[in-house]
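Presented below is the structure to which this report refers.
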Amino acid sequence: MLTAVAGIVGALVIGAWAVVAWGSKRRQPWLMAPLALIAVVLVVLGQPGWAFLPIAALLAGSFAELVIGAREAPTLRTKDPDGPLSTERWAAAVAAPFRVAVAEPWDVVVRPQLRRRYRKVLQAEWGVTDRAGLLAAVDRLWAELHSGPAADLVVDLRTGTARTRVPDGAPAGTEEQRVLLTPEQVVRMREVTGADDRAETVVIGAYEWWKSAHLVRLACGGATLDWLSQAETQNLLRRVASDLQRRYSGWQQLAEAFHAGYLLWHGGGPDEDVVDRVWVALGLLNSAPDSPWNLLPWDMPLERVPYEAPGSSAEAAGASDGRRGGSSSGPEGAVGGAPQAQRP
């Protein structure tokens, strides 16, 4: 009787563990496989009482994975560490901090495991709940990036204060933004910008172009939720990559802008845990030797945007940026429209 009970309970727990391990897409849950094997062996050998020990341990580990697994610390992961260079891979690296923050591979555009997370984030941060809303958000962000002179961020390392410097020609009503940095954030800004201990102020130019990472997030989210076709996703990623590549000279400038822009965007934000995780991810990407920001060549040749019939995106105006002399059309060049040369 006890053997039958142990067999039934063991089969249910092992089945639940297998489902949890497969669904988590992490390696750690599979390390409990010996417990499942030991439980099976003990039941077969007629030791059902002892079999309940590994069964209980497997059950506890599976429950811990459900509760704690989703809170895994930010980790730098790739699906294909030796993947070939491509424009999509380069563009995915731009938004890598958001994937590293949740310990997901940064180099995967379509990630079904993140469907629920994308729905939640897109609605919370952008008010996006469908394809139309996604396209509208892309157009708004594209227009914002190309709407006028790029602002600089002035960081006072003595007082730990960062403020925007409104450029000449900025739209009327543009206000200065300020954020107070923590001592740890000041140290990070010194590291990222290369400022020594004697430096009192650093200026990060055109920091707002870090928001290109959001366009990549919207593209990956749209593709994952089946709101964008493969061609539309490729067009958007390639257009964003080309646009961003012209405005910065390397990953170092993007890292500086990302740090600065993220501090302003989420300074004192409502979800401090998310803020902290992305901040940790930024540190990993900036310092880890296997980070795409340290491995991928910034000036790699980018592929031309393929043709897709117009009408797949809402229209958005684009204007000259002025930072590096390039000009851009609206995102219809990214999500639809005529092919465009990738370098000016």
Side-chain angles (χ1 to χ4, degrees), residues 74 76-79 87-145 207-230 232-245 247-248 251 254-255 257-266 269-271 273-275 277-282 284-285 292-293 296 313-314 316 331 334-335:
L76 189 61
R77 287 197 175 125
T78 62
K79 182 179 180 181
T87 302
E88 284 75 17
R89 188 176 180 84
W90 193 97
V94 171
F98 296 105
R99 285 288 185 86
V100 174
V102 294
E104 288 283 344
W106 63 263
D107 57 342
V108 180
V109 173
V110 179
R111 187 69 170 165
Q113 293 86 346
L114 295 178
R115 290 177 65 90
R116 181 179 300 178
R117 183 181 293 272
Y118 270 127
R119 286 187 183 276
K120 179 180 178 181
V121 170
L122 291 178
Q123 182 173 8
E125 295 183 5
W126 305 96
V128 171
T129 58
D130 54 21
R131 171 182 166 84
L134 180 77
L135 296 179
V138 169
D139 287 348
R140 286 196 306 271
L141 184 53
W142 192 280
E144 179 183 337
L145 286 173
Y207 76 93
E208 289 178 310
W209 277 92
W210 83 279
K211 294 178 183 177
S212 296
H214 289 317
L215 287 171
V216 176
R217 292 177 77 198
L218 290 170
C220 294
T224 298
L225 294 171
D226 298 322
W227 292 346
L228 294 179
S229 68
Q230 181 179 359
E232 288 174 323
T233 304
Q234 290 177 344
N235 284 350
L236 180 52
L237 291 177
R238 293 175 184 182
R239 193 68 187 96
V240 170
S242 172
D243 210 19
L244 187 60
Q245 194 182 62
R247 277 147 180 97
Y248 292 136
W251 291 106
L254 175 65
F258 210 124
H259 276 81
Y262 190 74
L263 283 174
L264 285 179
W265 189 57
H266 265 309
D271 194 338
D273 179 64
V274 173
V275 176
R277 292 174 71 87
V278 174
W279 187 254
V280 172
L282 280 169
L284 289 173
L285 285 161
W293 289 5
L296 296 181
S313 168
V335 186

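What you see is a predicted model, and the numbers here were worked out from it, not measured in a lab.
Atoms CG and CD, from Leu254 and Gln245 in turn, are 11.5 Å apart once rounded to the nearest 0.5 Å. A distance of 11.0 Å separates CZ of Arg239 from OG of Ser212, quoted to the nearest 0.5 Å. Remark: Glu88 CD to Leu237 CG distance equals 6.0 Å, nearest 0.5 Å. Rounded to the nearest 0.5 angstrom, Trp251 CH2 and Trp90 CH2 are separated by 5.0 Å.
Applying side-chain contact (heavy atoms from CB on, under 4.5 Å) to Leu225 and the options Val128, Val110, Leu122, Leu114 leaves one that passes, Leu122.
Heavy-atom minimum distance, Ala281 versus Pro74: N-CB, 4.4 Å. In this structure, Pro97 and Val278 approach most closely via the heavy-atom pair CB-CG1, 4.4 Å. Contact record, Arg99 with Val108: NH1-O, 2.7 Å, taken as the closest heavy-atom pair. Nearest heavy-atom pair across Trp209 and Leu145 is CZ2-O, 3.3 Å. Between Trp106 and Ala96, the closest heavy-atom pair is CB-CB, 3.8 Å. When all heavy atoms of Thr224 and Arg115 are compared, the pair lying nearest together is O-NH1, 2.6 Å.
At distances below 3.5 Å, at least one donor-acceptor pair connects side-chain atoms of Trp293 with backbone N or O atoms of Ala93. With hydrogens and angles ignored, the 3.5 Å screen pairs no side-chain donor or acceptor of Arg119 with any backbone N or O of Thr129.
For the side-chain hydrogen bond (donor to acceptor under 3.5 Å, both in side chains) test, no residue two or more places apart in sequence or in another chain qualifies with Gln123. For Asp130, there are no salt bridge (Lys or Arg N to Asp or Glu O under 4.0 Å) partners at least two apart in sequence or on another chain. Judged as a side-chain hydrogen bond (donor to acceptor under 3.5 Å, both in side chains), and not counting sequence neighbours, Glu208 has no contacts.
Residues Val138 and Leu215 meet the side-chain proximity criterion, which asks for heavy atoms closer than 4.5 Å. Under the 4.5 Å side-chain criterion, counting only non-hydrogen atoms from C-beta, Val240 is in contact with Trp142. Put simply, the side chain of Leu244 reaches to within 4.5 Å of the side chain of Val94, judged on heavy atoms. Residues Arg111 and Cys220 have side chains not in contact (no heavy-atom distance under 4.5 Å, counting atoms from C-beta outward). The shortest distance between side-chain heavy atoms of Leu285 and Leu76 falls below 4.5 Å. The shortest distance between side-chain heavy atoms of Leu141 and Glu144 falls below 4.5 Å. Using a 4.5 Å heavy-atom threshold, the side chains of Tyr207 and Leu264 count as touching. Side chains of Trp227 and Tyr118 form no contact here, defined as non-hydrogen atoms less than 4.5 Å apart.
Note on ring orientation: taking the six-membered ring where Trp is involved, the planes of Trp126 and His214 are perpendicular (angle over 60°, cut-offs 30° and 60°). The aromatic rings of Phe98 and Tyr262 lie perpendicular to each other, with more than 60° between the two planes, well past the 30° mark.
For the pair Lys79 and Asp107, the salt-bridge criterion is not met [side-chain N within less than 4.0 Å of a carboxylate O]. Ion pairing of Glu125 with Arg217 is present here, as a side-chain N (NZ or NE/NH1/NH2) and a carboxylate O approach within less than 4.0 Å.
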Steps toward side chain to side chain contact (heavy atoms under 4.5 Å, CB included) verdict (Leu228, Leu135)
CA-CA 9 Å; Leu228 294 179; Leu135 296 179; 3.8 Å; yes
